[in-house]
Amino acid sequence: QVQLVESGGGLVQAGGSLRLSCAASGRTFSSYAMGWFRQALGKEREFVAAISRSGGNTYYADSVKGRFTISRDNAKNMVYLQMNSLKPEDTAVYYCAADFRALAGAVVAGLGDYAYWGQGTQVTVSS
């Protein structure tokens, strides 16, 4: 089992940047594919970005491609989401998630594929 704790959210003006972090417990972090999701008020949770177990492969939602970057540091049990050129529509609670069933090299975009979730961190982008 793994526990996930997100941090780094906050209030930022449109065009600004934030870096979200997700700290994972456990000794087998490198065996989990990781993802970031977000949920805006009144909307369903949606996929943002995913990264494979080694970090060699990444995948992004079209809405954030070119603006957000997902990365991980397996030595530190951390996954990150660098968010640049933020827009008001990026406002949401952001969650990191871990998938222990993913094969090496796989990136996972399906919400239902993730077994473990953090508590979320609020990102608010003002116009």
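- Rounding to the nearest 0.5 Å places OH of Tyr60 at 12.0 Å from CZ of Arg67.
- If you take CG on Asn77 and SG on Cys22, they are separated by 10.0 Å, rounding to the nearest 0.5 Å.
- Annotation: the span from Asn57 atom CG to Ser52 atom OG amounts to 4.5 Å, rounded to 0.5 Å.
- The side-chain heavy atoms of Gln82 and Ser71, taken from C-beta on, include no pair separated by under 4.5 Å.
- In terms of heavy atoms, Ser17 sits closest to Asn84 at OG-OD1, 2.9 Å.
- The hydrophobic clustering, which links ILVMFWY residues whose side-chain heavy atoms are closer than 4.5 Å, places Val125 and Val64 together.
- Linking Ile, Leu, Val, Met, Phe, Trp and Tyr residues whenever their side-chain heavy atoms come within less than 4.5 Å leaves Trp117 and Leu4 in two separate clusters.
- Counting all heavy atoms, side chain and backbone alike, Gly9 lies closest to Val123 at CA-CG2, 4.1 Å.
- Residues Leu86 and Ile70 share a hydrophobic cluster, clusters being chains of Ile/Leu/Val/Met/Phe/Trp/Tyr side chains in contact below 4.5 Å.
- The distance from the CD atom of Glu46 to the CD atom of Gln39 is 9.5 Å, given to the nearest 0.5 Å.
- When atom types are taken as modelled, the side chain of Ser25 and the backbone of Gln3 share a donor-acceptor pair closer than 3.5 angstrom.
- Summarising the geometry of Ala14 relative to Pro88, their closest heavy-atom pair is CB-CD, 4.1 Å, with the distance given to 0.1 Å.
- No more than 12 heavy atoms of other residues, nucleotides or ligands sit less than 6.0 Å from atom NZ of Lys43.
- Tested against Tyr114 for a ring-ring contact (aromatic ring centres under 6.0 Å, His included), the candidates Phe47, Tyr32, Trp36, Phe37 yield a single pass: Phe37.
- A continuous path of hydrophobic side-chain contacts links Val48 to Tyr116 [ILVMFWY only; heavy atoms under 4.5 Å].
- For the atom pair CG (Leu81) and OG1 (Thr69), the distance works out to 8.0 Å, reported to the nearest 0.5 Å.
- Taken from OG in Ser7 to CE in Met78, the straight-line distance is 6.0 Å, to the nearest 0.5 Å.
- In this structure, the side chains of Thr58 and Phe68 stay at 4.5 Å or more apart for every pair of heavy atoms.
- With Glu6 contributing its side chain and Gln119 its backbone, the two residues share a donor-acceptor pair below 3.5 Å.
- Between Gln122 and Thr91, the closest side-chain pair of non-hydrogen atoms falls below 4.5 Å.
- Nearest approach of Asn74 to Ser30, heavy atoms of both residues: ND2-CB, 3.6 Å.
- By the rule that hydrophobic residues join a cluster once side-chain heavy atoms approach within less than 4.5 Å of another member, Leu111 and Val2 end up as members of separate clusters.
- Counting only heavy atoms from C-beta outward, the side chains of Gln13 and Ser126 approach each other to under 4.5 Å.
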Identify every side-chain donor-acceptor pair in residues 93-104 under 3.5 Å, counting partners at least two apart or on other chains, and give the distances.
{"from": "Tyr94", "atom 1": "OH", "to": "Arg38", "atom 2": "NH1", "distance (Å)": "2.9"}
{"from": "Tyr94", "atom 1": "OH", "to": "Asp90", "atom 2": "O", "distance (Å)": "2.6"}
{"from": "Asp99", "atom 1": "OD1", "to": "Arg101", "atom 2": "N", "distance (Å)": "2.9"}
{"from": "Arg101", "atom 1": "NH2", "to": "Asp113", "atom 2": "O", "distance (Å)": "3.0"}

